[in-house]
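Some notes on the structure that comes next.
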Amino acid sequence: MKFLHISDLHIGKRVNEFSMIEDQKYILEQILSIAKRERADAVIIAGDIYDKPIPSAEAVQLFDHFLTELAGQNKQVFVISGNHDSPERIAFGAQLMSGRGVYVSPVYDGTAAKISLTDAYGELFVYLLPFIKPASVRHALEKELKENLPESYQEAVELAVGRMDIDREKRNILAAHQFVTGAGRCESEEVIVGGLDNVDAEVFEAFDYVALGHIHSPQWIGRETVRYCGTPLKYSFSEVNHKKSACIVILREKGNISIEKIDLMPQKDMCEIKGYYQEITALCYYKNINVQNYMHIILKDEQDIVDAIAKLRSIYPNIMRLDYDNKRTQNNQKIDITENIEYKTPLQLLQQFYEIQNNCAMTEEQTLFSARIMEKIWEVEL
């Protein structure tokens, strides 16, 4: 049986105030094409369907379209909620959708959904474990267990997996949305201080393949079959060098699994360019660059360019971020309380502040301009 593993769609996300909805429409259509071309039997969506617990109407409509198209291709679809999702909203209509082969994780109540499938090699099972916290497991099981309730993420996931009726003679797949110890993170992910959300990969030892969500970069942990497929799109500039992909997982007889990564090509990529203003605004520089990409531009000029963002957008319309890399930013100093502050004029204080911030003194023109402004504001002699 052939599965397509995707996760962390974050539909409705905004990055640096840019809506990603059109990019998400584009990449989801590409995923639909891959599912059809690769003749996948099933699609696993391992959490963080939306970027917010209460998604926009546009985000809900896009996901509805995506599920409808997959069902129209006669794909079995397995969906779990992630830490960004509302499990109650994701689970809405689950029983109705299962009639079309779309299986959605219910709100965790002490059990995980278990779906039986059959192929040429016999029966296999798919388990759906939504994102869980110790508190959610305690709430679900406090009446039943009374004591020995989980205090950590490790204990919560161990308990949840331990309650699954797993036949180790069969092939078993788990869809989960947790942080597995050892996974590499990036800026666009939520981080719990101290790594308290860590779960050891050994917890998933009983499963032939673990389709993970939560981490945005594709990677496997412990063994190749415990795998994060990553996001289909880049959601921060820490991901500039990531190669986004979807995973094709083929299960034959027990123990015979092959995995292939299918590259995803965004409508607009995330890129970083660095140079002097005059350099990166020259036609010879940008003529071979896709200027429609989302850009992080780093200027090396020592003096700030007036209205730089607006000027650069005439060439690079999708600038998301502008920074400077110069003496000022390389040698930023901590500003201490100025000695004898009561004996210094506002202009002298400004000059001192400017020199600390920029590692050079104000020019005569800047000094005169500042003095005129201060005189106008305070009507004092400087």
Side-chain angles (χ1 to χ4, degrees), residues 2-40 42-52 55-73 75 77-82 84-85 90 102 175 177 186-189 211-219 227-249 260-271 290-296 317-318 320:
K2 184 181 286 190
F3 289 83
L4 175 62
H5 170 199
I6 59 174
S7 75
D8 296 271
L9 307 181
H10 288 279
I11 301 174
K13 188 174 182 66
R14 299 183 70 86
V15 180
N16 295 96
E17 299 309 311
F18 280 70
S19 170
M20 302 299 289
I21 200 78
E22 291 302 320
D23 302 85
Q24 290 167 337
K25 288 178 183 177
Y26 182 89
I27 210 70
L28 290 177
E29 287 297 327
Q30 196 172 130
I31 291 169
L32 288 170
S33 297
I34 291 170
K36 186 175 183 179
R37 184 184 73 231
E38 295 294 324
R39 297 182 179 178
V43 178
I44 298 175
I45 309 174
D48 279 355
I49 309 306
Y50 301 114
D51 194 55
K52 296 179 179 179
S56 66
E58 191 175 22
V60 173
Q61 289 165 3
L62 177 54
F63 188 55
D64 176 66
H65 170 76
F66 183 61
L67 289 182
T68 302
E69 290 296 309
L70 286 175
Q73 291 185 21
K75 310 298 184 191
V77 184
F78 303 95
V79 183
I80 64 171
S81 55
H84 279 252
D85 299 312
I90 294 297
V102 178
H177 191 93
C186 56
E187 290 177 2
S188 58
E189 299 154 5
L212 290 168
H214 192 38
I215 300 300
H216 289 189
S217 55
Q219 56 194 287
R227 182 175 291 269
Y228 291 102
C229 61
T231 54
L233 291 170
K234 298 173 185 178
Y235 288 135
S236 82
F237 285 104
S238 66
E239 301 174 52
V240 161
N241 295 319
H242 288 187
K243 192 76 172 178
K244 296 301 182 180
S245 59
C247 286
I248 293 288
V249 184
E260 179 186 359
K261 291 199 294 186
I262 306 292
D263 289 342
L264 297 171
M265 305 304 295
Q267 186 175 33
K268 294 191 285 288
D269 202 357
M270 273 193 175
C271 301
N290 184 352
V291 295
Q292 297 300 318
N293 284 338
Y294 294 118
M295 293 289 186
H296 174 204
N318 295 307
M320 283 187 165

Completion exercise
Exactly one of Arg39, Glu38, His5 clears side-chain contact (heavy atoms from CB on, under 4.5 Å) with Ile248, and that residue is Glu38

Problem - Leu233 side, atom CG; Leu264 side, atom CG - distance, nearest 0.5 Å - result: 8.0 Å

Exercise for the section: Would you indicate whether the side-chain heavy atoms of Asn293 and Asn318 approach each other to under 4.5 Å? Expected result: no

Handout entry: Distance-only donor-acceptor check, side chains Ser217 and Gln219, under 3.5 Å
Key = yes

Handout entry: Enclosure of Asn241 CG (heavy-atom neighbours >12, cutoff 6.0 Å)
Key = no

Practice task
To the nearest 0.5 angstrom, please state how far the CG atom of Leu4 sits from the CD1 atom of Ile262.
Solution key: 8.5 Å

Handout entry: Expected output: side-chain Asp85 to main-chain Tyr50 donor-acceptor under 3.5 Å
Key = yes

Practice task
Report yes if the side chains of Leu67 and Val79 come closer than 4.5 Å at any heavy-atom pair, otherwise no.
Solution key: yes

Handout entry: Ile11 side, atom CD1; Gln24 side, atom CD - distance, nearest 0.5 Å
Key = 6.0 Å

Exercise for the section: Taking Gln73 for its side chain and Leu32 for its backbone only, find out whether a donor-acceptor pair lies under 3.5 Å. Expected result: yes

Practice task
Test Val15 against Met270 for side-chain contact (heavy atoms from CB on, under 4.5 Å), laying out the working first.
Solution key: CA-CA 11 Å; Val15 180; Met270 273 193 175; 3.6 Å; yes

Problem - Heavy-atom pair of closest approach, residues Lys234 and His242 - result: CE-O, 3.3 Å

Exercise for the section: List the steps, then state whether side chain to side chain donor-acceptor pair (under 3.5 Å) holds for Asp23 with Tyr294. Expected result: CA-CA 11 Å; Asp23 302 85; Tyr294 294 118; 2.6 Å; yes

Exercise for the section: Test Thr231 against every option in Lys13, Lys244, His216 by the side-chain hydrogen bond (donor to acceptor under 3.5 Å, both in side chains) rule and name the one that passes. Expected result: Lys244

Problem - Contact check, side chains of Leu28 and Phe63, non-hydrogen atoms, under 4.5 Å - result: no

Handout entry: 4.5 Å side-chain heavy-atom contact, Lys261 and Lys243
Key = no

Exercise for the section: Give, for atom NE2 of His177 and atom OG of Ser81, the distance between the pair rounded to the nearest 0.5 Å. Expected result: 8.5 Å

Problem - Smallest separation among heavy atoms of Asp48 and His84, with atom names - result: OD1-N, 2.8 Å

Practice task
Return the minimal non-hydrogen interatomic distance between Ala71 and Val102, and the atom names on each side.
Solution key: CB-CG2, 4.4 Å

Handout entry: Residue pair Ile6 / Leu9: nearest heavy atoms and the distance that separates them
Key = CD1-CD2, 4.1 Å

Practice task
Check the pair Ile45 / Ile80 against side-chain contact (heavy atoms from CB on, under 4.5 Å), numbers first and verdict last.
Solution key: CA-CA 7 Å; Ile45 309 174; Ile80 64 171; over 6 Å; no

Problem - Distance in Å, Asp64 CG paired with Glu69 CD, rounded so as to fall on 0.5 Å steps - result: 10.0 Å

Problem - Atom of Cys229, atom of Cys247 and distance for their closest heavy-atom approach - result: CB-SG, 3.9 Å

Handout entry: Tyr228 versus Gly213, closest heavy-atom pair with distance
Key = CE2-O, 3.3 Å

Exercise for the section: Could you tell me the separation between the NZ atom of Lys75 and the CZ atom of Phe3, rounded to the nearest 0.5 Å? Expected result: 12.0 Å

Handout entry: Flag, side chain of Asn290 to backbone of Gln292, donor-acceptor distance under 3.5 Å
Key = yes

Practice task
Please tell me if the side chains of Met265 and Gln30 come closer than 4.5 Å, counting only heavy atoms from C-beta onward.
Solution key: yes

Practice task
Decide yes or no for Ser236 and Glu239: does some side-chain heavy atom of the first lie under 4.5 Å from some side-chain heavy atom of the second?
Solution key: yes

Handout entry: Glu22/Lys268 salt bridge by N-O under 4.0 Å criterion
Key = no

Exercise for the section: Compute the ring centroids of Tyr235 and His10, then answer whether they are less than 6.0 Å apart. Expected result: yes

